[in-house]
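Structure, as structure tokens:
The sequence lines fix the lettering, A, B, ..., with proteins before strands; numbering per chain opens at 1. Computed over heavy atoms, backbone and side chain alike; hydrogens, waters and symmetry mates excluded.
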Number of protein chains: 2
Amino acid sequence: MQKTVKHKPLILNKFFPYRFSILQQAISENIASVYTGEFDLSRHEWRILAILGEQSGLSAKQITLLTSLEKMQISRAINSMRSNELIKETVNIKDKRFTQLYLTDKGQKIYQILVPRVLNKEKELLTALSKDEQKKLNQLLDKLHQKATLLLE
Amino acid sequence: MQKTVKHKPLILNKFFPYRFSILQQAISENIASVYTGEFDLSRHEWRILAILGEQSGLSAKQITLLTSLEKMQISRAINSMRSNELIKETVNIKDKRFTQLYLTDKGQKIYQILVPRVLNKEKELLTALSKDEQKKLNQLLDKLHQKATLLLE
DNA sequence: TATTGTTATACTCTATAACTATA
DNA sequence: TATAGTTATAGAGTATAACAATA
């Protein structure tokens, strides 16, 4: 006689959130291999570099609104990037509480090198899918994201 | 005159790996809210509970093969679960290097309570998509996973 | 009083590798 | 020699909150 199962079984390998997490890890490692390899950035540093490369002069506060990073994570990452001379800053004259952050020449150079590599890695990953499939995937993930966020409230 | 951009710009919010990572975090928090809330399990502990609830008597080595956990992560999680009396163990008689792990009655009770809740949370998340869309999503993620793994080698 | 950003602290997680016991 | 599992240790990341400067 078999043990009575009172509920649907949970097979970890078929459990959507688990599978998603494993895939996320693989994707993340692919991208991280680009920015950790030669320039030894942390994930937070890489995100800040990406943001500031695109939009100069942001404050830490603005970066919190554009990324999932919190203010002390940013403060620490900035600290490290400052000592590696990737970032310089000025105080906002109109409101001295704000610091305006910029990439240094060195920071910009690294940014210019990394962006094509990272975009290329993204492209490589996505060659697994046709253009239509990529579009479909984005739609599905958007729906899922909306629901996941809703459920967290 | 505008600054010359020598490459395609990288907009973090539209960068697939970034979006994926944000979504993963939201999904993971949804599931974690179930197993951390009442029983205060860590993610590793939860995964081990899920595995052992399904298959009794596994060794730590076997668990490494069924999850993304490594042996010392398992060793530590087991340690904590042992002191919370969720797990008991016996030595394999044929090869004394192997430990066979089992849920205690208490561990099983928690397992029986958590599985329906966790599956329900998964279901809630997936209501964002139709059955067809869920199937499609799984196919697309599988393809992506294959590619991501391949690129890591 | 409220906000920006820094710092302190304690905690969790991770990675590497040395260690034991068994084979 | 090789394997299963434990332990030590240092580093990275996280969460909470107190803090200084400015508004």
**Prompt:** Has A:K123 got more than 12 heavy atoms of other residues, nucleotides or ligands less than 6.0 Å from its NZ?
**Reply:** no
**Request:** Measure the distance from CG on A:N92 to P on D:dT22 and round it to the nearest whole Å.
**Result:** 13 Å
**Message:** Could you tell me how far apart A:R76 (CZ) and C:dG5 (P) are, to the nearest whole angstrom?
**Reply:** 15 Å
**Message:** Let's see if you can work this out: which of D:dA15, C:dA17, C:dC13 has an atom nearest to the side-chain heavy atoms of B:M72?
**Reply:** C:dA17
**Request:** Return the value, rounded to whole Å, for the distance between atom CZ of B:R43 and atom P of D:dT14.
**Result:** 12 Å
**Prompt:** Do B:I74 and B:K71 come close enough that some side-chain heavy atom pair is under 4.5 Å?
**Reply:** no
**Message:** Can you measure A:L41 atom CG to D:dA12 atom C1' for me and round it to whole angstrom units?
**Reply:** 15 Å
**Prompt:** Any side-chain N or O of A:Q73 less than 4.0 Å from the OP1 or OP2 oxygen of D:dT14?
**Reply:** yes
**Message:** Between B:N84 (side chain only) and B:L86 (backbone N and O only), is there a donor and an acceptor less than 3.5 Å apart?
**Reply:** no
**Asked** From D:dA4, D:dT7, D:dA21, pick the nucleotide closest to the side chain of A:R97?
**Response** D:dA21
**Message:** Any side-chain to backbone donor/acceptor pair from A:Q62 onto A:S59? Under 3.5 Å, distance only.
**Reply:** yes
**Request:** Name the nucleic acid region contacted by A:T99, choosing base, sugar-phosphate or nothing; use a 4.0 angstrom heavy-atom cut-off, strictly under.
**Result:** sugar-phosphate
**Request:** Specify the separation, in whole Å, of atom CE of B:M81 and atom C1' of D:dG5.
**Result:** 17 Å
**Prompt:** To the side chain of B:N79, which of D:dT7, D:dA23, D:dG5 is closest?
**Reply:** D:dT7
**Fill in**
Assert: residue with more 5' nearest nucleotide on DNA chain D, out of A:E70 and B:I74, is B:I74
**Item:** Nearest-angstrom distance from the residue atom CD1 of B:I78 to P of D:dT7
**Value:** 13 Å
**Message:** Is the phosphate of D:dA4 approached by B:K71 (side-chain N or O, under 4.0 Å from OP1 or OP2)?
**Reply:** no
**Complete:** To the nearest angstrom, the CD1-P distance between B:I87 and D:dG5 comes to 12 Å
**Ion pair check, A:K8 and B:E122, cut-off under 4.0 Å** = no
**Asked** Is the shortest side-chain N/O distance from B:H44 to OP1 or OP2 of C:dT14 below 4.0 Å?
**Response** yes
**Asked** Of the candidate nucleotides C:dG5, D:dA4, D:dT16, which contains the atom at the shortest distance from the side chain of B:F98?
**Response** D:dA4
**Prompt:** Among the nucleotides D:dA4, C:dG5, C:dT6, which one has an atom lying closest to any side-chain atom of A:A60?
**Reply:** C:dG5
**Asked** Which part of the nucleic acid does A:K96 contact within heavy-atom distance under 4.0 Å: base, sugar-phosphate only, or nothing?
**Response** sugar-phosphate
**Request:** In whole angstrom, give the distance that lies between atom CG of B:L65 and atom C1' of D:dA4.
**Result:** 12 Å
